[in-house]
Amino acid sequence: MSRKEEKRKRRERMIEENGLIFLDGVSKVYSAGAPALNGITLHINRGEFVFIVGDSGSGKSTLIKLLLRELTATSGKVWVMGHDIANLPRRKIPKFRRNLGIVFQDFRLLKDRNVYENVAFAQRIIEVPVKEIRRNVPSILATVGLAGKYKAKPKQLSGGEQQRVALARALINKPSILLADEPTGNLDPKNSWEIMMLLDEINAAGTTVIVVTHNREIVNAMQKRVVTMKKGVIVSDEEEGEYIDED
């Protein structure tokens, strides 16, 4: 093994030891205005459940986009699953993202396709054999409590059911990390709790879950790790934390 390769291996071991996600002194500056992120350092270990909270403009969305490699940092380093993602070749980004599940506030379902096809779509993109898709889709729909809804179109579903479809689609490829960006933002309290309990079960099964939310009641009740952001910096990072207001 060459010295360069040996150094790379040591670095990868160090990153792995530091967790599944490792941000080191990360800043992101857009073309105008104050930095969206300003020198943040954050470690998230494999199997954690982490809430990211903060007011609008605190940097939460920019952080998620960095983890997805939709953006790259202006300075600092972002490692996800051992990858220095700023140096990830463009052709490898789709493969990298297969290990990330993402759920949005607005569901983002294909309105002209039924529940089965919405979930199967995620597997067809990566060319999973049809036989496996036919086995995997019913299994994941049963996991999220939608076994009997596979023929329904999104407009025939409640908001909670649509978010369950989005969750099934995010999980079908067995990602290492699930990113949920305001997953309860369009849901009533009952459906919000049901989605959060599903996320808790998914986490208990081994998936690292990161939830961006403004839902104070859920954050305070679940007593998970809470990372609070304000104006591009992390102002609090607490195990079994609560939603705190920053002046």
Side-chain angles (χ1 to χ4, degrees), residues 48-54 56 60-61 63-65 67-68 70 97-126 133 136-227 243:
E48 280 199 277
F49 190 123
V50 183
F51 284 115
I52 308 289
V53 304
S56 296
K60 305 186 305 296
S61 294
L63 173 59
I64 293 296
K65 288 176 180 178
L67 297 180
L68 286 169
E70 291 181 5
R97 287 178 179 158
R98 292 175 195 172
N99 289 303
L100 299 170
I102 178 74
V103 177
F104 298 98
Q105 176 177 343
D106 55 359
F107 317 137
R108 302 194 186 183
L109 300 178
L110 302 168
K111 293 181 173 58
D112 61 333
R113 305 190 190 189
N114 64 26
V115 167
Y116 181 98
E117 289 299 326
N118 265 278
V119 177
F121 181 74
Q123 296 231 289
R124 292 200 170 101
I125 285 177
I126 63 171
I133 294 175
N136 295 340
V137 173
S139 176
I140 197 67
L141 287 175
T143 298
V144 301
L146 290 177
K149 297 280 188 175
Y150 68 98
K151 290 184 178 180
K153 294 283 184 67
K155 67 181 180 180
Q156 298 172 301
L157 303 175
S158 69
E161 288 170 336
Q162 289 186 61
Q163 191 61 292
R164 287 169 183 262
V165 177
L167 190 54
R169 183 179 58 189
L171 293 170
I172 189 76
N173 293 329
K174 299 181 179 178
S176 299
I177 301 168
L178 179 67
L179 302 172
D181 191 359
E182 298 287 358
T184 64
N186 286 333
L187 304 180
D188 60 36
K190 178 178 181 293
N191 279 304
S192 294
W193 276 110
E194 288 177 355
I195 291 298
M196 294 311 302
M197 292 303 97
L198 270 174
L199 292 176
D200 202 22
E201 290 172 16
I202 290 158
N203 174 246
T207 302
T208 303
V209 175
I210 301 167
V211 179
V212 172
T213 187
H214 285 101
N215 194 314
R216 178 189 309 273
E217 181 183 358
I218 283 174
V219 171
N220 290 348
M222 291 187 70
Q223 292 286 290
K224 304 291 187 179
R225 179 181 173 190
V226 180
V227 175
Y243 197 115

Enquirer: Is any side-chain heavy atom of L67 closer than 4.5 Å to one of L100?
Expert: no
Enquirer: Given 3.5 Å as the limit, does a donor-acceptor pair link the side chain of N118 with the main chain of R113, or not?
Expert: yes
Enquirer: Measure the CD-CG distance between E194 and D188 for me, rounded to the nearest 0.5 Å.
Expert: 8.5 Å
Enquirer: With a 3.5 Å distance limit and no angle check, can you tell me whether K60 reaches the backbone of G54 through a side-chain donor-acceptor pair?
Expert: yes
Enquirer: First locate atom CD of Q162, then atom CG of L109, and finally report the distance between them rounded to the nearest 0.5 Å.
Expert: 5.5 Å
Enquirer: Please check this pair: side chain of T207 against backbone of N203, looking for a donor-acceptor N/O pair closer than 3.5 Å.
Expert: no
Enquirer: If you measure from OG1 on T208 to CG on N99, what distance do you get to the nearest 0.5 Å?
Expert: 11.0 Å
Enquirer: For a salt bridge (Lys or Arg N to Asp or Glu O under 4.0 Å) check, start with the C-alpha distance between R97 and E70, then their side-chain angles and the critical distance, and finish with the verdict.
Expert: CA-CA 10 Å; R97 287 178 179 158; E70 291 181 5; 5.4 Å; no
Enquirer: Roughly how far, to the nearest 0.5 Å, is CZ of R164 from CG of N191?
Expert: 7.0 Å
Enquirer: List the atom pairs, donor and acceptor, that lie under 3.5 Å between side-chain atoms in residues 138-156 and the rest of the protein, sequence neighbours left out.
Expert:
unit_1 : atom_1 : unit_2 : atom_2 : d
T143   : OG1    : S139   : O      : 3.1
Q156   : OE1    : K153   : N      : 2.7

Enquirer: If the test is side chain to side chain contact (heavy atoms under 4.5 Å, CB included), which one of N215, V212, V209, V211 qualifies with F51?
Expert: V211
Enquirer: Hey, is the main chain of E161 close enough, under 3.5 Å, to the side chain of S158 for a donor-acceptor pair?
Expert: yes
Enquirer: Would you check, one step at a time, whether the test side-chain contact (heavy atoms from CB on, under 4.5 Å) holds for I218 with Y243?
Expert: CA-CA 9 Å; I218 283 174; Y243 197 115; over 6 Å; no
Enquirer: Identify every side-chain donor-acceptor pair in residues 167-181 under 3.5 Å, counting partners at least two apart or on other chains, and give the distances.
Expert:
unit_1 : atom_1 : unit_2 : atom_2 : d
R169   : NH1    : R108   : O      : 2.9
R169   : NH2    : F107   : O      : 3.0
R169   : NH2    : R108   : O      : 3.1
N173   : OD1    : Q123   : NE2    : 2.9
N173   : ND2    : A122   : O      : 3.1

Enquirer: Find the distance between CE (M196) and OG1 (T213) and round it off to the nearest 0.5 Å.
Expert: 6.5 Å
Enquirer: Any idea which heavy atoms bring F121 and L110 closest together, and the distance?
Expert: CG-CD1, 4.0 Å
Enquirer: For the residue pair D106 and N186, what are the closest heavy atoms and their distance?
Expert: CA-ND2, 3.9 Å
Enquirer: Would you name the heavy atoms of Q163 and F104 that are closest together and state the gap between them?
Expert: NE2-O, 3.0 Å
Enquirer: If you take all heavy atoms of L199 and P183, which pair is closest and at what distance?
Expert: CD1-CG, 4.4 Å
Enquirer: To the nearest 0.5 Å, what is the distance between OG on S61 and CD on E182?
Expert: 8.0 Å
